[in-house]
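In what follows, a structure is listed as structure tokens, so that the remarks can point back to it.
One-based numbering along the sequence shown. When reading the values below, keep in mind they use all heavy atoms of this one structure, side chains included, and skip hydrogens, waters and symmetry mates.
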Amino acid sequence: MISLVLAMLRTRRGQATTLLLLTLVVVGATVAVPAYLRTVDLAVVRSEVDGAAPGERTIALSATVDNSDTSTIDFTDVTSALLTVPGFTQVYSAEFPAAGIEPEPRDASRLTYRQEACAHLTMLAGRCYIGSGEIVIGERTAERLELGVGDPVALAFAVSKGSPTGPVYAAFTEPTPLTVVGVYRPAAPQEEYWGSHDYFAVDVTGRTGEPVFTGQATLALMRRTSTLVGVDATAAPATFDAARLGQLRGQLDELKDRTAKLSQAFSVTTDIPDLIGRVERSRALARQTVPVGAVPLLLLAYLVLYLAVDYGVEGRRPELAVVALHGGTWWHRWLLALGENIAAILVGAVAGCVAGQLVVGAIAAWRFPGIGVPLFTAGALGNAPFAALGALVVALLAQRRHLLSPVGELLRRVRSRRTGRRLPVGEVLVGVLAATAVVQLFLTGGGLSGVGMLAPALSMLAFALVGARLFAPLAGLLGKRALRRGRLSVALAALQLARRPGPQRLMLLLVASVAVLGYAVASADVAAQDRDLAARIGTGAPRVVSVAPVTRDHLLHAVRAVDPDGAYAMAAAQLSEDGSALAVDTTRLATVVDWRPEYGDLDAARVAALLRPPAREPVTVRGPDVALDVDVSDVKMSVPVELTVVLSSLTGRGTATVPFKFINDGTYAFRERTPLCVDGCRLVGLHLRAQSTSPTSTRFVLTVRKLGGADLTDVTRWRPTGGRLDTVRDGLRLAIDAPGGLPDGAWIQPVDAPYPLPVLTAGPPPRDGTLAGLDKRPTEVRVTGRAGALPRLGTAGTLVDLEYANRVATDAGSAHRSEVWLTGTAPPDLLTRLARQGLIVTGDVTAEQTRRRLASQGPALATWFHLLAGALAVLLAAGGLGLIAAVDRTGRAADEAALRAQGLSRAAMRRAKLWTYPALVVVAGLLGLGSALAVWRLTGWALPVFGEDLPALPLPHWPDPVAVPATWLACVALLLAVALRDGASNPPGASRRRSRIGAP
């Protein structure tokens, strides 16, 4: 029997090769899914780690050590027992406040030791510290305090005590004599070596931080009661191996538990779990999305395999009849029929295990070079035996009817047709499953799990079954109509398509294959559009530079100084911490922001005009001297009230707060000097606050007689908060009557911005007509326009003018997420220019970089598998078309001979051949395109596009009008070429093959 099977394989090499290749596709696709997912895992990890923020690769461990009885710090004792997570490079640090250099008691030097700091400092003068008693200072500190290399200084450990205006430092120990040996500038303030210590951050006064760096030996010289020690452990990229992310998360949790048990003084800070969470989410979405493309491919492969076996046995029916007539047992018949198929399937399964991984390896080498994907792994073969078993079951089902048919049926040249009306149970079941899957998809909000994951595949199969079911009767009607009109060629082609089972099955295959490709192209194209739109809107501008925390006035002044003409730079900041509102310098909005059609009918210039109507000039104080004359009367309170004049430097140097106190009735003449206002300051407002932590009845009348050169006679020029404001003959009078005290204080602010603040909204308007302002206090707003979407905010958010929002605020503090938005034409040395204005760049991203980042996430990478599946589906359809056309062409020879004998011309016969399968391809192509778009409309919305949470965006729902039609034309052209080749003429030697097949 084995020799007979081998002889059959040699005789029918073409059929065996077809089965082998189809099994290779089935098993190869099954193997390719886990292999591709493994590749996606590695690619996602590399992309996320490469784009991670410094804090997302660092573990910061810190503690305040009580060393009143010791003068040394043993970092090993503090941290070696804690940081046992492998793959991290550790950097130790220690610091404490020191008095002796800064002239103001509110300022203290940040005396800092950081391991290997000299390698990350650029020495502008002198050298870095080497021995004990040596320090290096920053360039701005050296310039401000007029210190240079070789100058002696004395520093002492300082302690702070609270005051209404902030901490005040005083020396606590004897000063230690030290020597300045160098003046430095940080080589890269934002590099991850510095960790999250904010050594060079800008404070509320606009001054850039510059620690005094020294060595560990110098720290040992200085007496102190406490030291803040820490270690920053930074992970190498290889630490985030895809296979050990879960283990790494567990090690971090264990580290936090150990530190908590060791001492409450220890603090562990890390954003690594956020990075791991993004990676895991991206991987999970890829695992949901890749099977969406793999399942239709597997179903098509099994369908073509079924047709190949069925039509292969169709030509061997006389052999089976001869075996049955010779008295062969049932198992001989089954083994004779299945033997060569089983052999071909087993060889194809083994080849598929290799081919699937080779194809994925080639894709990985092309799309993800250098990620180190192993070419062959045993883990990818887990489902291969089940796929091979499925191929065997399909082969058995395809031959079942032939093996169970009586001899008379096997000897018929044409199969007997089923008569009567029978319910197509299988087709109804597919339709019910497809409807159930789509309903589940909607009910779960797009959850690709369970039956919902099969919704696209089942829907495409259902549409294909409907098309195949309707094709035969419609083709029959067309054939009869053409016959009545005398169009013999069209009639013969249509009737052959209607009456033979092969074309109906082929219609099912072609419609499903074209639908799979169309769906894959639609998903890939829409996802690419979504990513491009998300990058453009989500980034806000072609390029966005993030800067360290800085006051709003400083940000505005610095950006306008860098770009005085407003040609390429715009200041921007979040209005509040939740990111639902954005404040931008609207004077540059039309120039910097690429205002897209999705934003609505208002153009950028009109938006700027709505958000920035004309307003009064701010009240300014010229020079460093602040003069304030007030009268206080009707005082009824038991605690002092602090009156603070809040000023903001016009040149962006920072914020100045000038505090005064009063408690009794009387006239007060306050005089204060603030260096920040040398070049002028803007008056933010007058703030009155009772100095009590408990509610205390507060009542008084404050009359402001003089405030610099401000006009105090026009009450419309001022806005009160927390009291009643009116004018007297030569000043402003504020009446306060607060039985519950002044927990938030009272304000008198100049009206130098429109109020309520004009805003532009997308989505629902602000509740109660207020927004959390830059000072975190409720700010009344007025909606002046509606947009379909807004830069950075998407379809829900609020846009305001940054300068006006800053003037309305009751402070002049730091902005949330300070940024500089840029056009693509910004000068190459822009970052240097920003640094000269005191802005420390912490990030620099372009819309194109954002698009590439989104394209490297799991959902985007999964679409490549969809395209591969679509291409393979079309190739399977072409092979199935060639197979069925070849078998039908052989069977049509006798029919053609009979028709020729009845007088049908050779030309009419040739035209009938050319009409048959090309017409089938065109009809199937149209139905497949319609099915793809219908299924996309039903299920495409559920396919994940991004591996992270993004603002709500006006994402497109339909593919580009060129992508899908162009791909469809190429697909139909390929199938037409196969149809024309196989339907144009009879195969050479067909009569000889028929005589051999009929021989016993």
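Looking at Asp714 and Arg616, a side-chain N of the basic residue comes within less than 4.0 Å of a carboxylate O on the acidic one, giving a salt bridge. Salt bridge status for Glu642 with Arg689: present, with a side-chain N to carboxylate O gap under 4.0 Å. Using a cutoff of 4.0 Å between basic side-chain nitrogens and carboxylate oxygens, Asp585 and Arg560 are scored as salt-bridged. A salt bridge is defined here as a Lys NZ or Arg NE, NH1 or NH2 lying under 4.0 Å from an Asp or Glu carboxylate O, and Arg671 with Asp625 fails to meet this definition. A salt bridge between Glu803 and Arg552 is absent, with no side-chain N of the basic residue lying under 4.0 Å from a carboxylate O of the acidic one. A salt bridge between Arg807 and Asp553 is absent, with no side-chain N of the basic residue lying under 4.0 Å from a carboxylate O of the acidic one. Checked for salt-bridge contact, Arg536 and Asp532 meet the test: a charged N lies under 4.0 Å from a carboxylate O. Salt bridge status for Glu819 with Arg792: present, with a side-chain N to carboxylate O gap under 4.0 Å.
Contact detail for Ala572 and Leu555: the closest heavy-atom pair is O-CD2, 3.7 Å. Residues Ala787 and Tyr599 share a closest heavy-atom pair of CB-O, 3.2 Å. Ala535 and Ala847 make their closest contact through CB-O, 3.3 Å (heavy atoms, listed as atom of the first residue, atom of the second, distance). Scanning both residues, Pro956 and Leu533, for their nearest heavy atoms gives CD-CD2, 4.0 Å. Nearest heavy atoms, Leu650 versus His557: O-ND1, 3.5 Å. Of all the heavy atoms in Ala558 and Gln837, the pair that sits closest is CB-CB, 3.6 Å.
Not a single side-chain hydrogen bond (donor to acceptor under 3.5 Å, both in side chains) links Glu780 to another residue, sequence neighbours left out. Not counting sequence neighbours, the partners of Thr823 by the side-chain hydrogen bond (donor to acceptor under 3.5 Å, both in side chains) test are Thr825.
Exactly one of Asp631, Val632, Val630 qualifies for a side-chain contact (heavy atoms from CB on, under 4.5 Å) with Thr667. That residue is Asp631. The side-chain hydrogen bond (donor to acceptor under 3.5 Å, both in side chains) with Arg278 is formed by just one residue from the set Glu56, Gln857, Glu948; it is Glu56. When each of Thr727, Leu725, Val704, Val701 is paired with Arg733, the side-chain contact (heavy atoms from CB on, under 4.5 Å) condition holds for Val701 and for no other.
Side chains of Asp844 and Leu831 form a contact here, defined as non-hydrogen atoms less than 4.5 Å apart. The side-chain heavy atoms of Leu683 and Thr620, taken from C-beta on, include no pair separated by under 4.5 Å. In this structure the side chain of Val593 reaches within 4.5 angstrom of the side chain of Met570, judged on heavy atoms. Side-chain contact between Pro754 and Pro613: present, with at least one pair of heavy atoms (C-beta onward) separated by less than 4.5 Å. Side-chain atoms of Pro542 and Tyr568, non-hydrogen and from C-beta on, never get closer than 4.5 Å to each other. Residues Val759 and Leu771 form a side-chain contact, since some pair of their non-hydrogen atoms from C-beta on lies under 4.5 Å apart. Looking only at side-chain heavy atoms (C-beta outward), Cys681 and Ser648 stay at 4.5 Å or farther from each other. Proximity of Leu734 to Arg724: side-chain heavy atoms (C-beta onward) are nowhere separated by under 4.5 Å.
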Going through the distances and angles, do Thr644 and Val658 end up as a side-chain contact (heavy atoms from CB on, under 4.5 Å)?
-> CA-CA 5 Å; Thr644 303; Val658 184; 5.8 Å; no
Would Thr713 and Asp711 count as a side-chain hydrogen bond (donor to acceptor under 3.5 Å, both in side chains) if you check the C-alpha gap in whole Å, the side-chain angles of each, and the deciding distance to 0.1 Å?
-> CA-CA 6 Å; Thr713 61; Asp711 180 8; 2.7 Å; yes
Thr850 and Thr539: side-chain hydrogen bond (donor to acceptor under 3.5 Å, both in side chains), yes or no, with the steps?
-> CA-CA 7 Å; Thr850 303; Thr539 305; 3.1 Å; yes
Hey, mind stepping through Leu611 and Leu760 against side-chain contact (heavy atoms from CB on, under 4.5 Å) and telling me if it holds?
-> CA-CA 7 Å; Leu611 296 181; Leu760 180 74; 4.0 Å; yes
side-chain contact (heavy atoms from CB on, under 4.5 Å) between Val626 and Leu647, worked out = CA-CA 10 Å; Val626 179; Leu647 303 166; 3.7 Å; yes
Candidate pair Trp747 and Val646, rule side-chain contact (heavy atoms from CB on, under 4.5 Å), full reasoning | CA-CA 10 Å; Trp747 281 88; Val646 182; 3.9 Å; yes
Chi angles and distances behind the side-chain hydrogen bond (donor to acceptor under 3.5 Å, both in side chains) call for Thr846, Arg543 | CA-CA 4 Å; Thr846 65; Arg543 182 183 177 189; over 6 Å; no
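In this structure a side-chain-to-backbone donor-acceptor pair under 3.5 Å is missing from Tyr755 to Thr779. Between the side chain of Arg705 and the main chain of Gly731, no donor-acceptor pair closer than 3.5 Å is present. Between the Trp595 side chain and the Leu602 main chain, a donor and an acceptor come within less than 3.5 Å of each other. A distance-only check finds a donor-acceptor pair linking the side chain of Asp563 to the backbone of Gly566 [under 3.5 Å]. Formation of a donor-acceptor pair under 3.5 Å by the Thr586 side chain with backbone atoms of Leu589 is not found in this model. Remark: the backbone N or O of Asp960 is paired with a side-chain donor or acceptor of Asp525 at under 3.5 angstrom. Side chain of Asp801 to main chain of Tyr804: a donor-acceptor pair is present (N/O by atom type, distance under 3.5 Å, no hydrogens or angles).
Rounding to the nearest 0.5 angstrom, the gap separating the OG1 atom in Thr721 from the NE2 atom in His687 is 9.5 Å. Expressed to the nearest 0.5 Å, how far CD1 of Ile736 lies from CG of Asp634 amounts to 12.0 Å. In this structure, Leu643 CG and Leu702 CG are separated by 6.0 Å, a value rounded to the nearest 0.5 Å. We find the CG-OG distance between Asp679 and Ser649 to be 6.5 Å, quoted to the nearest 0.5 Å. Here the CZ atom belonging to Arg719 is positioned 4.5 Å from the CD atom belonging to Gln749, to the nearest 0.5 angstrom. Distance CZ/Arg729 to CG/Leu712: 13.5 Å, rounded to 0.5 Å.
Within a 6.0 Å radius of CZ in Arg777, more than 12 heavy atoms belonging to other residues, nucleotides or ligands are found. Dense packing is recorded around CG of Asp726, with more than 12 heavy atoms of other residues, nucleotides or ligands lying under 6.0 Å away.
For the residue pair Asp665 / Ser633, no side-chain donor-acceptor distance below 3.5 Å is found, with atom types taken as modelled.
Taking the six-membered ring for Trp and the full ring otherwise, Trp941 and Phe442 have centroids separated by under 6.0 Å.
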